[in-house]
Amino acid sequence: MPLTMGEKIKIMLGRRNMTLAQLAEKTGQSRQNMSNKMSRDNFSEKELREIAKALDCTFDARFIMNDTKEAL
């Protein structure tokens with residue numbers, strides 16, 4: 001089963017030795033709001049890009065056609 005975005009973010013937080021509160025601060029959100037988003041796994045693409053920037057990562061969102069493997 002694939003990891004959720006929230007699970008991926010938790011892994012990256014651990015690798016960056018960063019707390020959820022620090023991530024929330026870097027992205028201009030409250031810790032509670034970020035915690036709610038993590039528990040619901042509810043992020044917009046814009047938020048994921050902001051989180052990636054705060055974690056010094058690249059976020060790559062794309063559609064890949066299963067039959068032809070074409071990526072858009």
Side-chain angles (χ1 to χ4, degrees):
M1 184 155 90
L3 295 173
T4 66
M5 279 299 167
E7 291 168 332
K8 291 176 185 180
I9 292 167
K10 285 179 188 177
I11 291 168
M12 290 306 302
L13 285 171
R15 291 184 180 169
R16 296 293 191 216
N17 294 315
M18 187 183 294
T19 66
L20 189 60
Q22 290 169 320
L23 177 62
E25 184 178 330
K26 283 187 168 210
T27 57
Q29 300 183 48
S30 70
R31 187 206 56 79
Q32 185 62 46
N33 186 48
M34 181 63 77
S35 179
N36 288 341
K37 288 181 177 293
M38 295 286 285
S39 66
R40 291 189 314 262
D41 199 45
N42 183 22
F43 303 95
S44 68
E45 184 176 341
K46 180 183 176 190
E47 289 170 324
L48 291 170
R49 292 189 185 283
E50 291 169 355
I51 289 168
K53 183 178 178 182
L55 292 169
D56 192 26
C57 296
T58 300
F59 175 73
D60 181 18
R62 54 193 174 146
F63 293 96
I64 301 172
M65 296 179 68
N66 293 326
D67 55 349
T68 65
K69 305 299 183 212
E70 179 185 5
L72 304 173

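Just so it is clear, the values below take in all heavy atoms, side chains as well, and ignore hydrogens, waters and symmetry mates.
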Tracing side-chain links under 4.5 Å among I, L, V, M, F, W and Y, which residues wind up in one group with L13?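 Hydrophobic cluster check, L13: joined to M5, I9, M12, M18, L20, L23, M34, M38, F43, L48, I51, L55, F59.
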
Working to the nearest 0.5 Å, report the span between [atom1] of [X] and [atom2] of [Y].
| X | Y | atom1 | atom2 | answer |
| --- | --- | --- | --- | --- |
| R31 | E25 | CZ | CD | 13.0 Å |
| C57 | R16 | SG | CZ | 4.5 Å |
| D56 | R15 | CG | CZ | 14.0 Å |
| S35 | R40 | OG | CZ | 9.5 Å |

Residue pair N36 / N42, side-chain heavy-atom distance below 4.5 Å: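 Contact flag for N36/N42 side chains = no.
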
Can you name the closest pair of heavy atoms from [X] and [Y] and give their distance?
| X | Y | answer |
| --- | --- | --- |
| L3 | E7 | CA-OE1, 3.2 Å |
| T19 | Q22 | N-OE1, 2.7 Å |
| K69 | N66 | NZ-O, 3.0 Å |
| A24 | S30 | CB-O, 3.6 Å |
| D41 | G6 | OD1-N, 2.7 Å |

